[in-house]
Number of protein chains: 2
Amino acid sequence: MSKSIVIVDDHVLFGQSLKGLVDSFDDYRVKAVYKNGKELQENLRKMDLRPDLILLDIRMPVMDGLQTMQWLKQEFPKQKAMALTMEDDEEILLKMLGLGCRGYLVKDIDPDKFKQALDSVVDTGYYVDKEVMEELERKERSKEQFSEREIEFLQYVCTEMTYKEIAAEMRLSPKTIDGYRESLFVKLDIKSRVGLAVYAIKNNFCTI
Amino acid sequence: MSKSIVIVDDHVLFGQSLKGLVDSFDDYRVKAVYKNGKELQENLRKMDLRPDLILLDIRMPVMDGLQTMQWLKQEFPKQKAMALTMEDDEEILLKMLGLGCRGYLVKDIDPDKFKQALDSVVDTGYYVDKEVMEELERKERSKEQFSEREIEFLQYVCTEMTYKEIAAEMRLSPKTIDGYRESLFVKLDIKSRVGLAVYAIKNNFCTI
DNA sequence: ATTGCAAAGGGGAAAAACACCCTTTTTTGC
DNA sequence: GCAAAAAAGGGTGTTTTTCCCCTTTGCAAT
């Protein structure tokens, strides 16, 4: 039976083209192509779709690879997913692996190797060395990680809303927001809201 | 007769996938896929290959889109080429257009629009995304309305420095900085430093 | 010379952000 | 169920940012 694949990539042209390529492999079928994590989220929830593998672009505007992976890990811990990146940003990659991502591909891989990587992930579960992965996973998890609420909060920090307004929007006490802010300052070694905003932008926690 | 296309993109996976997509259009055929400008150069010279359109990635390691376009303009002034970019970097885009590039596509265009763009370039000679163009003009216009000092100041707003510290750095009174801030708030219809920081980042007044 | 105008600098008050230390409620893992 | 941990909320004081209205300086044009 052929393996089902879901592609998540904001570059529609690439996503659709990749679908064409994958479909040309006898033993793989692309079940869907989504533009961002949010679309995946919605469709994974309602449609009883459990693909053998999700190919996840890292840089996406609405809900990026990291966020999506974080969500996937919580909601569908067994779901296999693989990062698909443009440039290999080590930091983000490490985070992805830490979140249980099964491997990663840079987009300049050639189609043959790509096929091999797919086979490897679907069969063995991993594309790169298993032990290294597990090691990384343990290390990363203990490192910095944000709570759901903190991540949600990060989406507001690069707007012109005051903390009070953000609190209202999130239906929380301003004091709680103050707590998130404080917690993030410590975790990220940041001292001001501007620093937080820049971090959020850099790491795709918000769209500007 | 079907139109011939050449794709130049260092991301082999993307290039090959795109080839698949283009070949799926009845009236187009991909004659070749190259990894960079140099490959294109060599092949365009020796093989008597004159495609109807060259799709040119901008960011490539060996010989990038700009260089390639420059060479094309000299060697084959009539050759139609179109930029294919990941993120829309205005500056480079402007240069490309200056070099006679026939249009530009961001890679998150959807396949239908992509097809339309191809048709447009091959038929009319040009394709430019309207929104992108308007965005570009707006940004360019806005750049000239700041003073030298204000622009210098903008480079500091997305750091964690306080205004007082920025003033010290610029050897100005904090009150003067306050004036720049105020002036920029009015000009840009912004109400907070975060807004200013986001503006500065968006419009490349500072690097993050 | 004088008007004209923009950049630079200032005072002071109110709002927002930051910091630190603390309590209550809710989850979560045996 | 219970203890531990995480999330949410609180009090209070300091610093920074924001806002408005004001003075001085320098330069430029008629």
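These numbers come from the heavy atoms of this one structure, side chains and all, not from hydrogens, waters or symmetry mates. For clarity, every value in this text was computed on a predicted model and none was experimentally measured. Naming: A, B, ... by sequence-line order, numbering from 1 per chain.
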Colleague: Strictly below 4.0 Å, N to O, side chains only: are A:Lys115 and A:Asp27 in salt-bridge contact?
Modeller: yes
Colleague: So does A:Asp178 pair up with A:Arg181, basic N to acidic O under 4.0 Å?
Modeller: yes
Colleague: Just compare C:dG9, D:dT18, D:dT16 and give me whichever is closest to any side-chain atom of B:Ser192.
Modeller: D:dT18
Colleague: Check step by step if side-chain hydrogen bond (donor to acceptor under 3.5 Å, both in side chains) holds for B:Asp119 and B:Tyr28.
Modeller: CA-CA 10 Å; B:Asp119 290 341; B:Tyr28 289 95; 2.6 Å; yes
Colleague: What is the separation between atom OH on A:Tyr163 and atom P on C:dA15, rounded to the nearest whole Å?
Modeller: 19 Å
Colleague: Which of these nucleotides, C:dA7, C:dG9, D:dT18, is closest to any side-chain atom of B:Ser147?
Modeller: C:dA7
Colleague: Could you tell me the separation between the OH atom of B:Tyr180 and the P atom of C:dG10, rounded to a whole number of Å?
Modeller: 13 Å
Colleague: Mark yes or no for a side-chain to base donor-acceptor pair under 3.5 Å between B:Asp178 and D:dC19, with no hydrogen or angle criteria applied.
Modeller: yes
Colleague: When all nucleic acid strands are considered with a 4.0 Å heavy-atom cut-off, which category describes A:Arg181: base, sugar-phosphate, or nothing?
Modeller: base
Colleague: Locate the shortest heavy-atom distance separating A:Lys19 from A:Val33; write the atom from each residue and the value.
Modeller: CD-CG2, 3.8 Å
Colleague: CZ of B:Phe146 versus C1' of C:dA6: gap in Å, rounded?
Modeller: 17 Å
Colleague: Would you indicate, yes or no, if C:dC18 has its OP1 or OP2 atom less than 4.0 angstrom from a side-chain nitrogen or oxygen of A:Lys191?
Modeller: no
Colleague: What integer distance in Å separates B:Glu182:CD from D:dT17:C1'?
Modeller: 11 Å
Colleague: From the options D:dA7, D:dT16, D:dG10, select the nucleotide whose nearest atom is closest to the side chain of A:Ser173.
Modeller: D:dG10
Colleague: What is the distance, rounded to the nearest whole Å, between atom CZ of A:Arg193 and atom C1' of C:dA15?
Modeller: 14 Å
Colleague: Rounded to the Å, how far apart are B:Glu150 CD and C:dA6 C1'?
Modeller: 11 Å
Colleague: With a 4.5 Å heavy-atom cut-off, do B:Leu21 and B:Phe25 have their side chains touching?
Modeller: yes
Colleague: Rounded to the nearest Å, what distance is computed from the CD1 atom of residue B:Ile177 to the C1' atom of nucleotide D:dT18?
Modeller: 15 Å
Colleague: Using the closest heavy atom to pick a nucleotide of DNA chain C for each, name whichever of A:Thr162 or B:Arg149 lands nearer the 5' end.
Modeller: B:Arg149
Colleague: May I have the distance from B:Ile190 (atom CD1) to D:dC19 (atom C1'), rounded to whole angstrom?
Modeller: 16 Å
Colleague: Could you check whether the side chain of A:Lys175 and the base of C:dT24 have a donor-acceptor pair of N or O atoms closer than 3.5 Å, going by distance alone?
Modeller: no
